[in-house]
Amino acid sequence: MNANEQKRAELVKGLNAPTAGERLENLKILLKFEEENGMQPVRRENDANNHIHTIYSFSPYSPTAAAYAAYSAGLTSCGIMDHDSLSGDAEFSEACKTLGMGYTCGVEVRAKFNARHWGKINHPDQEDCIYMAAHGVPEQNRAAFNEYLAGYRAKRELRDRKMTELINGKFGKFGINIDFEKDVYDASCAAEGGSITERHLMSALAKKLEERFGRTQALIDFIEKDLELKVGDKQKGYLTDAENPCFNYDLLGVLKADTKFFYIDADEEMPDVKEFVKKATEFGAIPAYAYLGDVGDSVTGDKRAQKFEDDFLDELIAEIKAVGIKAVAYMPTRNTEAQLDRLRALCAKYGLFEISGEDINSPRQRFECKALANPRYANLIDSTWALIGHERAAENGVENGMFAEKAVEKYPDLKERIAAFAEIGRASVIKK
């Protein structure tokens with residue numbers, strides 16, 4: 001690493017400064033340094049990701065750092081997607097404007113989906129509920145939408161506290177105890193309107209285990225013998241590497257393979273899917289189902305091999321359409337071509353908007369998606385710009401959104417509507 005690269009690395013650290021104001025100011029300093037030294041990234045026009053988590057749910061990235069990481073990877077647009085929270089959206093939007101990027105703001109929730117017994121759908125730990133998103137929330141409605149979500153965040157925190165007690169019940173005999181206030185709450189952005197997730201609990205546990213065992217073979221032995229969890233050879237290398245900057249995330253990934261002993265089914269913290277679709281639509285957002293698909297080898301390293309919605313996908317997509325969900329989000333790197341061909345055919349059959357979205361919540365995940373350079377997925381680039389166009393248009397009133405009556409009447413064909421809103425999206429970006 002040369003002197004300029006070292007300097008840039010130091011400036012990048014400033015993007016995770018304590019306050020949004022500091023982070024945004026540090027971004028300007030960083031961009032000026034890169035411009036003066038010819039260090040701008042090569043642009044990847046055929047790339048997109050509208051599902052990036054930040055510190056307002058669980059992630060190593062502040063909203064500013066997330067936007068910069070996408071920019072640094074060459075993306076020309078990106079989208080924030082935190083759990084149960086829109087609290088990072090204002091910062092994210094401002095960072096993207098500074099970077100000259102297109103941007104979308106959204107929120108991910110778990111919703112009750114139990115009109116029939118489905119079993120596991122797209123949630124690894126709980127049956128008859130779905131992860132879904134509200135994409136493209138217009139700026140003027142984010143505060144009201146976030147206030148609606150505040151009650152669900154509060155109920156989620158109560159459940160988090162109960163699950164922490166269960167974790168302590170299992171690990172107390174090993175001299176390990178998690179203090180919820182100090183080790184979980186203070187390590188989150190809950191005080192600023194962020195959410196606390198199961199990953200926060202596992203991260204707190206990972207820190208306790210590192211304090212107890214260090215990055216040693218003793219840690220591996222404890223995990224395998226006392227916790228009876230499998231640790232792969234690559235993971236063993238990560239967990240015994242004293243210089244590993246991703247250690248907490250790597251250990252968290254191992255621990256997350258067993259959630260049964262502490263996981264309590266979400267209930268009151270979840271809106272009914274029909275209620276959430278109605279609310280999201282009222283706020284001008286596009287409600288979307290997040291396709292997971294049966295998992296073999298997990299690309300992101302955080303999913304066990306198991307079956308999800310593929311066995312009943314035809315019935316599921318029909319029901320998703322029936323409850324008013326307008327879109328399906330997916331990313332080609334997560335699934336096989338056969339899985340996605342089937343999904344895309346169903347989207348075409350039911351007139352569902354397709355959105356790119358591979359959740360980023362770990363420093364080992366890459367922001368770029370090389371699979372999107374494949375012409376077969378070119379629609380995800382156009383749909384990203386259409387999503388951006390929807391958000392910008394809806395900022396002049398939700399009646400101007402992509403799925404509002406006016407747009408549907410003008411462009412009854414979804415492909416024509418996507419093309420029209422993509423033009424709005426591309427024209428909205430002020431390039432630096």
Side-chain angles (χ1 to χ4, degrees), residues 1-56 59-81 88-105 189 238 241-250 333 356 358-373 381 384-385 388 392 425-432:
M1 186 181 292
N2 62 36
N4 279 348
E5 290 169 339
Q6 289 178 337
K7 176 65 175 177
R8 177 166 62 180
E10 286 300 314
L11 291 173
V12 168
K13 292 178 182 177
L15 304 185
N16 274 326
T19 69
E22 291 175 279
R23 298 190 288 261
L24 289 167
E25 187 59 35
N26 289 340
L27 176 62
K28 295 176 183 177
I29 295 169
L30 170 59
L31 292 180
K32 182 179 179 182
F33 174 80
E34 289 184 334
E35 182 179 356
E36 290 173 347
N37 292 279
M39 302 177 77
Q40 295 96 331
V42 176
R43 307 289 266 181
R44 297 174 59 86
E45 299 292 341
N46 294 324
D47 212 334
N49 193 345
N50 301 291
H51 199 120
I52 301 170
H53 292 287
T54 78
I55 56 175
Y56 286 89
S59 170
Y61 305 103
S62 73
T64 299
Y68 173 78
Y71 164 84
S72 184
L75 275 65
T76 56
S77 69
C78 55
I80 187 172
M81 184 62 64
D89 289 27
E91 178 187 345
F92 185 82
S93 300
E94 193 60 36
C96 288
K97 291 174 186 176
T98 299
L99 291 160
M101 299 181 73
Y103 63 91
T104 66
C105 295
C189 285
Y238 289 155
D241 180 0
E243 304 300 322
N244 178 8
C246 306
F247 177 86
N248 184 263
Y249 291 84
D250 293 329
T333 55
S356 72
E358 181 173 341
D359 55 326
I360 300 290
N361 53 33
S362 164
R364 289 203 182 276
Q365 292 172 267
R366 301 182 69 87
F367 279 73
E368 66 269 26
C369 176
K370 293 181 180 179
L372 287 181
I381 307 303
T384 289
W385 288 106
I388 294 167
R392 301 291 83 78
R426 289 187 169 98
S428 72
V429 178
I430 300 174
K431 296 182 179 179
K432 302 297 180 181

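No hydrogens, no waters, no symmetry mates; every other heavy atom, side chains included, goes into these values.
What you find for S428 and I388 is that their closest heavy atoms are OG-CG2, 3.9 Å. Residues A67 and M101 approach most closely at O-SD, 3.8 Å, considering heavy atoms. Listed here is the closest heavy atom pair of N16 and A65: OD1-CB, 3.7 Å. Pairing each heavy atom of H51 with each of N49, the nearest pair is N-OD1, 3.0 Å. A20 and E91 make their closest contact through CB-OE1, 3.4 Å (heavy atoms, listed as atom of the first residue, atom of the second, distance). The shortest heavy-atom contact between R44 and D47 is NE-OD2, 2.7 Å.
When side chains are defined from C-beta on, R364 does not count as touching Y249, because their heavy atoms never get closer than 4.5 Å. The side-chain heavy atoms of I80 and Y56, taken from C-beta on, include no pair separated by under 4.5 Å. Contact of the T98 side chain with the T64 side chain is not registered, since no non-hydrogen atoms from C-beta on lie closer than 4.5 Å. In this structure, the side chains of N26 and L30 stay at 4.5 Å or more apart for every pair of heavy atoms.
A donor-acceptor pair under 3.5 Å is absent between the side-chain atoms of N37 and the main chain of M39, judged by distance alone. Panel note: side chain T54, backbone P63; no donor-acceptor pair is recorded below 3.5 Å. Although no hydrogens or angles enter the test, the distance criterion places a donor-acceptor pair under 3.5 Å between the side chain of R23 and the main chain of P18. Put simply, the side chain of E5 gets close to the backbone of N2: a donor and an acceptor are under 3.5 Å apart.
A donor-acceptor contact under 3.5 angstrom links the side chains of S356 and N50, judged on distance only.
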Show me the donor-acceptor pairs within less than 3.5 Å that the side chains of residues 68-78 make with the rest of the protein, sequence neighbours left out.
| unit_1 | atom_1 | unit_2 | atom_2 | d |
| --- | --- | --- | --- | --- |
| Y68 | OH | E34 | OE2 | 2.4 |

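Put simply, CD1 on I381 and CD on E45 are 9.5 Å apart, with the number rounded to the nearest 0.5 Å. Considering CD of Q365 and OG of S59, their distance stands at 8.5 Å, rounded to 0.5 Å. To the nearest 0.5 Å, atom SG of residue C246 and atom OH of residue Y238 are 8.0 Å apart. The distance from atom CD of E94 to atom CG of L99, rounded to the nearest 0.5 Å, is 10.5 Å. Of the inter-residue distances, the one linking K28 atom NZ with L11 atom CG reads 15.5 Å to the nearest 0.5 angstrom.
We find that E35 and K32 are not joined by a salt bridge, their nearest charged nitrogen and carboxylate oxygen being 4.0 Å or further apart.
Partners of D89 under the salt bridge (charged side-chain N to carboxylate O under 4.0 Å, His left out) rule, at least two apart in sequence or in another chain, do not exist in this structure.
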Could you walk me through whether K97 and I430 pass side chain to side chain contact (heavy atoms under 4.5 Å, CB included), step by step? CA-CA 7 Å; K97 291 174 186 176; I430 300 174; over 6 Å; no
Evaluate the criterion side chain to side chain contact (heavy atoms under 4.5 Å, CB included) for residue pair Y61 and L15; output intermediate values, then yes/no. CA-CA 8 Å; Y61 305 103; L15 304 185; over 6 Å; no
Do R392 and Y103 pass the side chain to side chain contact (heavy atoms under 4.5 Å, CB included) test, and can you show the C-alpha distance, the side-chain angles, and the key distance before you say yes or no? CA-CA 10 Å; R392 301 291 83 78; Y103 63 91; 3.2 Å; yes
For side chain to side chain contact (heavy atoms under 4.5 Å, CB included), just list the numbers for N46 and L372, CA-CA rounded to whole Å, side-chain angles, deciding distance to a tenth of an Å, and then say yes or no. CA-CA 6 Å; N46 294 324; L372 287 181; 5.6 Å; no
